[in-house]
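In what follows, residues are counted from 1 in the order of the sequence shown. For the numbers below, each heavy atom of this structure counts, side chains included, while hydrogens, waters and symmetry mates do not.
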Amino acid sequence: MPSGPERLHLPLPPPGLRTKFRAKGGGGRPGPPERDRVAHAARIRSELRAAVERAAPAAENNYLAVRLSTEDPEVLASLGSSGAELAAVLPAGGGDLGVAATVIVPAGRAEAWLEGKLSAYETKETKKGRPRNERLIANVESLAFAGPEDIFTGRPGDFPAGAGPTWWQVWLDRDKHSDARGAAGRFGVHVAGGSELQFPDSVVVLARATKDALAEWMRSTGAVHELALPENPAILGLDQREQAGLADDLRARLRPRLGDTAVCLLDVGVTRGHPLLTPAVNQGDVHAYLPAWPVDDLAGPAPGHGTGMAGLALFGDLRPLLAGGLIPLTHRLESVRILPPTGQNHPEQYGAITRESAARPAVAHPQRRRIFCMAVTDKTGQANDGFPTAWSGTVDQLCFGSGDGARLFILCAGNRRTAANYPAGKDLDPVESPAQAWNALTVGAFTEKDQIGADPSYAGWLPVAPPGGLSPTSRTSVPWTGSRVAPIKPDVVMEGGNYATDGTAIDPADSLQLLTARPQGSGGAPFGTFGDTSGAAALAARLAAQVWERYPDYWPETVRGLVVHSASWTPTMAASAGTTMASRELTLRRCGYGAPDPQLAMSSFADEVTLVGQHALQPFTAEGKAGDMVLYKLPWPAAHLRELAGLQVQLRVTLSYFIEPKPGRRGGFGKYQYPSHQLRFELKRSDETEARFNSRVNRLADKVKDGPEGEPWSYGKLRNHGSIHSDIWEGDAAALARRDLLAVFPASGWWKMAAEGAVRTRLARYALIVSLRVIEPVAARVDLYAEVENVIKAPIAVPVDG
């Protein structure tokens, strides 16, 4: 992970050289750590005494945090003996081995609980000559006072930071839960009615309390064993009144600071009267393709779908926000209903409907930066071969702009009709039209959700997809493998939820889905679950809006590029990719470039600096020959990189541009007949002179199948599909210091063959994004950001080819 404060991305200096492109054709269980018995026992005894003294005098129970160097069940059982109860046991933080265990000991018995074991460890031996109780005591790394954060089972960063009341999922000891619920009010803890879930040794309730009140309740009753943020089943199990209370609480914490960036949903409408949406959706920003259609989504083919998309596009998954804290809103929402309330549009109308619908909000507010998000696809399956259609071509044309400004479109990849036959079946159902559009950011779904939760109706069920894997219903472009035209789709994946199975039945369990807004007219409850590629597309639109609001001068091509540039494969995806280009192509066609990291899309850091350039070149001459090649002198701090010799660094390059489409198969169809132009990039090798580099790049012009073979790039020639190209190079820092030239040059397209010379000589703009980071954890002595910034500020003399 990046380190240090967040910083703005740096500008990539413009190319210094512009030249005409001269194209040429099981072991045993490990023993406990060796310790100085007396010194170790004395330290543990001292830590125990300090922990007990820190507890409130009136506390009836002590919660103690014990860090162990092992997760041996027998050691844990020994820890929870002699009158103590073992509560939450969590992985040790900070990359350490072992576990962090919390123990509950009645007040007045804490020191006696461990003293006998400590004394025996100090003074007695077993028959084999080892210290008595060594397996337990020698494995104790530390012992300290424990609070609510020590039994929190979520990610540490998700633990609520504010001092105000928060909704918690509380796991109570089954034998003590009645007394604990009865005592909750005395401490200011409100336990929601109807939210109780019972298990063999625990009762799970939903409670609202401050951290201080929760801590007092814990120490008084000794009944609280685990804490988490609320899961969907607990939220959705509330009655309508309690859900409304949650919605009111969320709305009270909203802090709208709406700028000129909007997510426009082309869907089934939005119910703007929802209490969470009204601050970001103006009455004049909801439209319908036909004036007679309603603008809300209370009726029609997918009631509630647009409101669910809206909630995710505005807030993301609502579950973490229930914990408390202020919620800033920086972008607004717009909606155009493109599906009728009854019946359906004819597939051939979709392109025209999309074009007309995209114009509505632009007429009302032309100054806004607008992300169009569409989760409507052609379900007929008539155009699932990756070739452009009239609909996908329309999307590409809208993105390109054709003289009226470029636009950013985010499309869902489409859903499989069933979650069954996973994982074998995931490669059988191709991405649905119009998601094969070259210029659109197409989003598939993956999932990190693998906890089915506390709903007893799912006892014994298991998640279908592994954490970090493709969601069970996400479509892929694996069936297009080998196509000369089809782009890599999806481009990225976002969280789309998971499914549960008992081995026969498959169900989208609430705890495995995203939590979002639900139209209250469809039953009164303001929350509902959502997922699949629709939810993933909405999350991607939210991320794009956040990037664009932070960098308002960026082009749509640049925003798309940054989302892709920040993406990476999860360990699950990377494991399936293997090391061959054939297997990597399959993973690319399933998962795109992976899951975006919002931090990296939004910011640079001391050890990970991103440079962003927005430039243009002329791909072709009036005579129909290859046009410009531009050469960037990368602002590497060469001396500093040489000092880091031996350290592994990573360079990532992303080239994003929009093509002007020419759909149709008249006269044949090929990779040069649909796009107006294509661009490529190439990096100088460490042993090349500038002259040799120019010569090598020129030879690549008519050999676009050739990739950087033998080079440590992640994707090589696979990156040359579509109109966004991203790749990762890893190597020694000193070697990168010598790889300081990057070329951007054209490949062919229909502009080159156009009858009109004016078409041939059009300029093509592009975004070039370059990131440099240190892979190894040496951030304390590396500030790449400052070093690169200093080079940028210094004048760079690069000769211009006359």
Side-chain angles (χ1 to χ4, degrees), residues 148-149 152 154 157-170 181 184-185 187-197 204-217 224 227-258 270-281 304 307-308 310-330 332-333 453-454 510-511 513-530 542:
E149 62 276 10
F152 181 67
D158 291 341
F159 188 81
T166 295
W167 281 102
W168 306 87
Q169 186 189 82
V170 184
R181 292 189 67 149
F187 303 96
V189 177
H190 169 67
V191 179
S195 65
E196 185 177 292
L197 300 170
V204 184
V205 299
L206 190 67
R208 182 168 171 79
T210 66
K211 287 179 286 187
D212 290 343
L214 191 64
E216 292 183 21
W217 185 42
V224 181
L227 294 173
L229 297 181
E231 293 181 285
N232 283 348
I235 295 297
L236 300 177
L238 298 177
D239 60 30
Q240 180 179 337
R241 178 183 59 81
E242 289 177 314
Q243 282 206 36
L246 281 176
D248 290 343
D249 174 68
L250 278 171
R251 176 159 182 169
R253 293 187 275 117
L254 298 182
R255 295 297 183 269
R257 294 183 291 103
L258 304 181
V270 167
T271 302
R272 68 170 298 272
H274 192 287
L276 298 181
L277 301 185
T278 50
V281 188
T307 299
L312 294 176
L314 190 60
F315 301 105
D317 189 351
L318 281 171
R319 187 184 308 133
L321 302 184
L322 299 174
L326 299 180
I327 306 170
L329 297 180
T330 59
R332 62 184 71 242
L333 294 178
D510 287 339
S511 60
Q513 299 291 297
L514 299 159
L515 186 68
T516 187
R518 171 185 175 185
Q520 293 176 278
S522 60
F527 297 106
T529 55
F530 208 87
R542 176 176 183 262

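- Two residues are said to be in side-chain contact when any heavy atoms from C-beta on lie closer than 4.5 Å; L514 and L312 meet this criterion.
- Scanning both residues, A280 and L258, for their nearest heavy atoms gives CA-CD1, 3.9 Å.
- Taking the side-chain hydrogen bond (donor to acceptor under 3.5 Å, both in side chains) definition, one finds that R542 meets it with nothing, sequence neighbours left out.
- Applying the side-chain hydrogen bond (donor to acceptor under 3.5 Å, both in side chains) rule to T278 yields the partners R251; only residues at least two apart in sequence or on another chain are considered.
- In terms of modelled atom types and a separation under 3.5 Å, the side chain of K211 and the main chain of P160 share a donor-acceptor contact.
- Shown here are the ring-ring contact (aromatic ring centres under 6.0 Å, His included) partners of F530, two or more places apart in sequence or in another chain: H305.
- The shortest distance between side-chain heavy atoms of W167 and R319 does not fall below 4.5 Å.
- In terms of heavy atoms, L246 sits closest to L322 at CD2-CD2, 4.4 Å.
- Across all their heavy atoms, P275 and A247 have their closest contact at CG-CB, 4.3 Å.
- Residues Q243 and A525 approach most closely at OE1-CB, 3.6 Å, considering heavy atoms.
- Atom CZ of R257 has 12 or fewer neighbouring heavy atoms from other residues, nucleotides or ligands inside a 6.0 Å radius.
- Looking only at side-chain heavy atoms (C-beta outward), L227 and V170 come within less than 4.5 Å of each other.
- Within the 4.5 Å cutoff, no side-chain heavy atoms of L277 are placed close to those of T271.
- Below 30°, between 30° and 60°, or above 60°: for W168 and F152 the angle between ring planes is above 60°, a perpendicular geometry.
- R253 contributes no side-chain N or O that, together with a main-chain N or O of I327, makes up a donor-acceptor pair within less than 3.5 Å.
- To the nearest 0.5 Å, atoms CG (L515) and CZ (F315) are separated by 11.5 Å.
- Pairing each heavy atom of T516 with each of G308, the nearest pair is OG1-O, 2.9 Å.
- Between L276 and L314, every side-chain heavy-atom pair lies at or beyond the 4.5 Å cut-off.
- Residues A213 and V189 come closest through the heavy atom pair O-CG2, 4.0 Å.
- Interatomic distance, NE2 of H274 versus CZ of F527, reported as 6.5 Å (0.5 Å rounding).
- Atom CG of L206 is separated from atom NE2 of H190 by 8.0 Å, given to the nearest 0.5 angstrom.
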